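Per chain, numbering begins at 1; letters A, B, ... match sequence-line order. Everything numeric in this text was worked out from a predicted model, so none of it was measured.
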Amino acid sequence: MPKRSRRSVAWPGTVVSRPFFERPSTDVAPQLLNKILAGADGRAGRIVEVEAYVGSMDPAAHTYRGQTPRNAVMFGPAGHMYVYFTYGMHWCSNCVCQVGEGVLIRALEPLHGVDLMYEARSWGMKERDLCRGPARLTQAMGITGAQNGIDLVGARDGFAILDDGMPPPKALVGGPRIGIRVGVDLPWRWSVPDNRYVSGPVARGA
DNA sequence: CGGGCGATACCCT
DNA sequence: GGGTATCGCCCGA
């Protein structure tokens with residue numbers, strides 16, 4: 001018998017390690033495409049849409065005006081998860097990169113544990129809508145404020161980013177970021193081309 | 001499948 | 001006190 005781990009289900013691929021995250025979020029974000037967000041209970045989805053946030057120059061970033069109690073995790077070690085509460089009812093999840101920068105995960109293509117995702121969302125809904133949107137995917141994956149600050153590296157805290165060998169898309173599809181009023185012109189949103197699980201419109205021409 | 005609209009509580013000024 | 005890194009529901013195509 002192999003030694004018992006906290007992972008109740010075998011994860012596909014290898015856990016992405018810390019140096020991957022210790023870079024500018026605009027470098028990390030496109031390379032997160034086609035990687036996998038996985039939970040210890042077997043729920044997992046392929047990352048098909050991301051957004052970079054750069055505190056130092058980005059008025060839309062939570063970290064733009066410096067450290068506060070809410071955004072403290074974003075000023076901590078790379079490779080941790082920053083989970084914030086918004087619009088009075090939704091949780092959104094980010095990967096922390098270099099200090100003050102992070103990548104918002106905006107959409108997943110469901111891969112494993114789809115029955116648990118339906119249970120967490122709603123049994124009648126379309127599979128396409130399970131994880132299409134940053135707050136939908138946290139609900140589907142079981143991510144809340146309880147996960148704010150957990151380490152995505154080391155497989156200790158129940159969630160990880162996995163690499164199963166699928167590379168990021170060759171031709172990146174970009175577009176304006178969504179749901180913000182300032183900094184909309186910064187082209188820091190990326191998605192997998194022609195993927196039906198992407199949450200928003202893609203820009204014409206790149 | 002895309003657009004318009006109300007709901008909701010926490011954060012920061 | 002104002003604004004929010006959103007969603008589900010409804011409508012029409």
Between CG on residue L130(A) and OH on residue Y197(A), distance to nearest 0.5 Å: 8.5 Å
Rounded distance in Å - CG (L130(A)) to P (dG8(C)): 10 Å
Distance, rounded to the nearest Å, where N71(A) contributes CG and dC11(B) contributes C1': 10 Å
Distance in angstrom units between N148(A) CG and dA5(C) P, rounded: 16 Å
Contact under 4.0 Å: H62(A) side-chain N or O vs dA5(C) OP1/OP2: yes
Pairing partner of dT8(B) (Watson-Crick or G-U wobble, both distances under 3.5 Å): none
Short side-chain N/O contact from R128(A) to OP1 or OP2 of dC1(B), under 4.0 Å: yes
Length of the line joining D129(A):CG and dC10(C):C1', which is rounded to integer Å: 15 Å
Of the listed nucleotides dT13(B), dG8(C), dA5(C), the one nearest the side chain of R136(A): dG8(C)
Touch class at under 4.0 angstrom, heavy-atom based, for N94(A) against every strand present: base
Separation of dA5(C) C1' from E51(A) CD (nearest whole Å): 6 Å
Closest nucleotide among dC11(B), dA5(C), dC7(C) to the M74(A) side chain: dA5(C)
Atom-pair distance (CE on M125(A); P on dC9(C)), nearest Å: 8 Å
Set of salt bridge (Lys or Arg N to Asp or Glu O under 4.0 Å) partners for R70(A), sequence neighbours left out: none
Modelled atom types, side-chain donor and acceptor of E49(A) and S191(A), under 3.5 Å: no
Check: Y84(A) side chain, dA5(C) base, donor-acceptor under 3.5 Å: yes
Donor on one side chain, acceptor on other, S199(A) and R132(A), under 3.5 Å: no
Integer-rounded Å distance: dG3(C) C1' and R70(A) CZ: 11 Å
dC1(B): pairing nucleotide in any strand, Watson-Crick or G-U under 3.5 angstrom: dG12(C)
Any R132(A) side-chain nitrogen or oxygen under 4.0 Å from OP1 or OP2 of dC7(C): no
Between dC11(B) (P) and Y87(A) (OH): distance, integer Å: 16 Å
Candidates dG8(C), dC1(B), dA9(B) - which lies nearest the side chain of F85(A): dA9(B)
From dC1(B), dT6(C), dA5(C), nucleotide with atom closest to H90(A) side chain: dT6(C)
Phosphate OP1/OP2 of dT6(C): any R106(A) side-chain N/O under 4.0 Å: yes
D151(A) with R18(A): basic N within carboxylate O range, under 4.0 Å: yes
Main-chain N/O of H62(A) paired with N71(A) side-chain donor or acceptor, under 3.5 Å: yes
Below 4.0 Å: OP1/OP2 of dG8(C) and any side-chain N or O of R121(A): yes
